[in-house]
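Since the structure comes first, as structure tokens, the remarks are kept for the end.
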Amino acid sequence: MTRLRKSARREQIILELQHHPHVRTSELAARFGVSTETVRRDVEALSQEGLIRRAYGGASAAPMGAQPPFGERDQARIEERVQIAARAAALVRPGEVLMIDAGSTTHQFALNLAAMARDLTVLTNSVAVASALAQNETIQVVICPGDFMAREVGIYGAETIDFIARHNANRAFIGASGLTASGITEANRLAVGVKRAMIRQSHESYLLVDHSKFDVNLVATVEPLSALTAIITNEQPAGRLAKALADAHVDVHLAG
């Protein structure tokens with residue numbers, strides 16, 4: 001038996017849970033030809049990212065409305081998100097006006113912009129994004145008003161959405177909890193209105209999402225795929241998602 005790499009094992013665990021509500025550690029270990037301790041580490045890592053839930057003797061599918069806080073997500077899949085951030089930053093031109101929402105991948109994007117971009121105006125609802133961009137004196141940062149949500153290090157609410165609606169941008173760069181053939185999905189319902197407003201007020205809209213979010217359906221749908229100009233990701237989508245993106249004329253920019 002050819003042993004799967006760590007990333008491939010974890011993807012198989014997620015796929016299995018899309019079809020079965022619970023999987024046992026011992027069964028996965030036998031299938032993969034690895035120890036139960038190895039599978040437990042896989043389950044623990046996926047649980048920390050909010051992709052699955054640890055359960056007695058194995059794992060179960062993550063609730064559709066749950067995800068870890070920003071601090072935990074910001075430490076997960078760093079390599080992939082740094083690559084996505086660099087690819088996204090390469091699209092930005094001096095003098096542009098951007099909208100960037102709150103999230104772990106958009107935070108990496110902001111860190112990249114702070115290091116290399118010039119003469120931008122950025123409207124954001126993310127305190128982490130604003131703090132990162134503040135390191136670059138050529139970037140004017142506009143922070144949305146509203147209610148601060150410590151778990152997301154972001155600002156949300158009706159006042160936030162109204163504020164966004166009074167501004168316009170060349171491009172919106174947003175993150176999401178999931179991406180399916182039906183559209184962008186999100187675990188944080190408060191974030192949905194902010195993302196919609198940013199997409200609506202921007203000439204072009206880009207979704208920054210790593211491959212672990214593919215085919216992940218969550219409690220809220222933000223917009224259909226047709227609302228996007230492109231996705232920026234680390235792996236080529238496949239199957240129904242790939243066809244749906246092509247049908248909606250959404251470009252795919254690969255990082256790395």
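This one's a predicted model, so the numbers in the text were calculated from it and none came from an experiment. Basis for what follows: all heavy atoms, side chains included, without hydrogens, waters or symmetry-related copies.
- The aromatic rings of F109 and F173 sit tilted, their planes meeting at an angle between 30° and 60°.
- The main-chain N or O of N170 is never found under 3.5 Å from a side-chain atom of S202 such that the two would form a donor-acceptor pair.
- A salt bridge is defined here as a Lys NZ or Arg NE, NH1 or NH2 lying under 4.0 Å from an Asp or Glu carboxylate O, and K195 with E223 fails to meet this definition.
- Annotation: the span from I13 atom CD1 to T25 atom OG1 amounts to 8.5 Å, rounded to 0.5 Å.
- Neither V97 nor F163 shares a network with the other; the hydrophobic side chains, linked directly or stepwise wherever heavy atoms of I, L, V, M, F, W or Y lie under 4.5 Å apart, form separate groups for each.
- Of all heavy-atom pairs spanning Q201 and A165, the tightest one is NE2-O, 3.4 Å.
- Around CG of D251, the count of heavy atoms belonging to other residues, nucleotides or ligands within 6.0 Å exceeds 12.
- Residues Y156 and V142 share a single hydrophobic cluster, defined by chaining ILVMFWY side chains whose heavy atoms lie under 4.5 Å apart.
- Shown here is R196, whose CZ atom has more than 12 heavy atoms of other residues, nucleotides or ligands within 6.0 Å.
- One hydrophobic cluster, built from ILVMFWY side chains closer than 4.5 Å, holds both F148 and V141.
- Here the NE2-CG distance, from H107 to L133, works out to 9.0 Å after rounding to the nearest 0.5 Å.
- A distance-only check finds a donor-acceptor pair linking the side chain of R81 to the backbone of S104 [under 3.5 Å].
- Counting all heavy atoms, side chain and backbone alike, T160 lies closest to C144 at CG2-CB, 3.7 Å.
- Distance CG/L28 to CZ/R10: 12.5 Å, rounded to 0.5 Å.
- A distance-only check finds no donor-acceptor pair linking the side chain of T221 to the backbone of T185 [under 3.5 Å].
- Side-chain N or O atoms of N125 include one that pairs as donor or acceptor with a backbone N or O of I155 at under 3.5 Å.
- Partners of S35 by side-chain contact (heavy atoms from CB on, under 4.5 Å), not counting sequence neighbours, listed by chain and number: E37, T38.
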Fill in: Intermediate values then yes/no, salt bridge (Lys or Arg N to Asp or Glu O under 4.0 Å), R171 and E96
CA-CA 8 Å; R171 310 173 198 249; E96 287 193 321; 3.0 Å; yes

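- Between N234 and H211, the side chains place a donor N or O and an acceptor N or O closer than 3.5 Å (distance only, hydrogens not considered).
- The one candidate from L207, D247, L179 that meets the side-chain contact (heavy atoms from CB on, under 4.5 Å) condition with L225 is L179.
- Side-chain contact between T105 and I84: present, with at least one pair of heavy atoms (C-beta onward) separated by less than 4.5 Å.
- Between the NE2 atom of H253 and the CG atom of L91 there is a distance of 5.0 Å, given to the nearest 0.5 Å.
- Partners of L254 by side-chain contact (heavy atoms from CB on, under 4.5 Å), not counting sequence neighbours, listed by chain and number: T233, Q236, V252.
- Residue L120 holds its CG atom at 11.0 Å from CZ of R93, rounded to the nearest 0.5 Å.
- At least one donor-acceptor pair closer than 3.5 Å links the side chain of T138 to the backbone N or O of D119.
- Linking Ile, Leu, Val, Met, Phe, Trp and Tyr whenever their side-chain heavy atoms come within less than 4.5 Å leaves L111 and I174 in two separate clusters.
- Partner of P237 under the side-chain contact (heavy atoms from CB on, under 4.5 Å) criterion, chosen from L245, D215, V209: L245.
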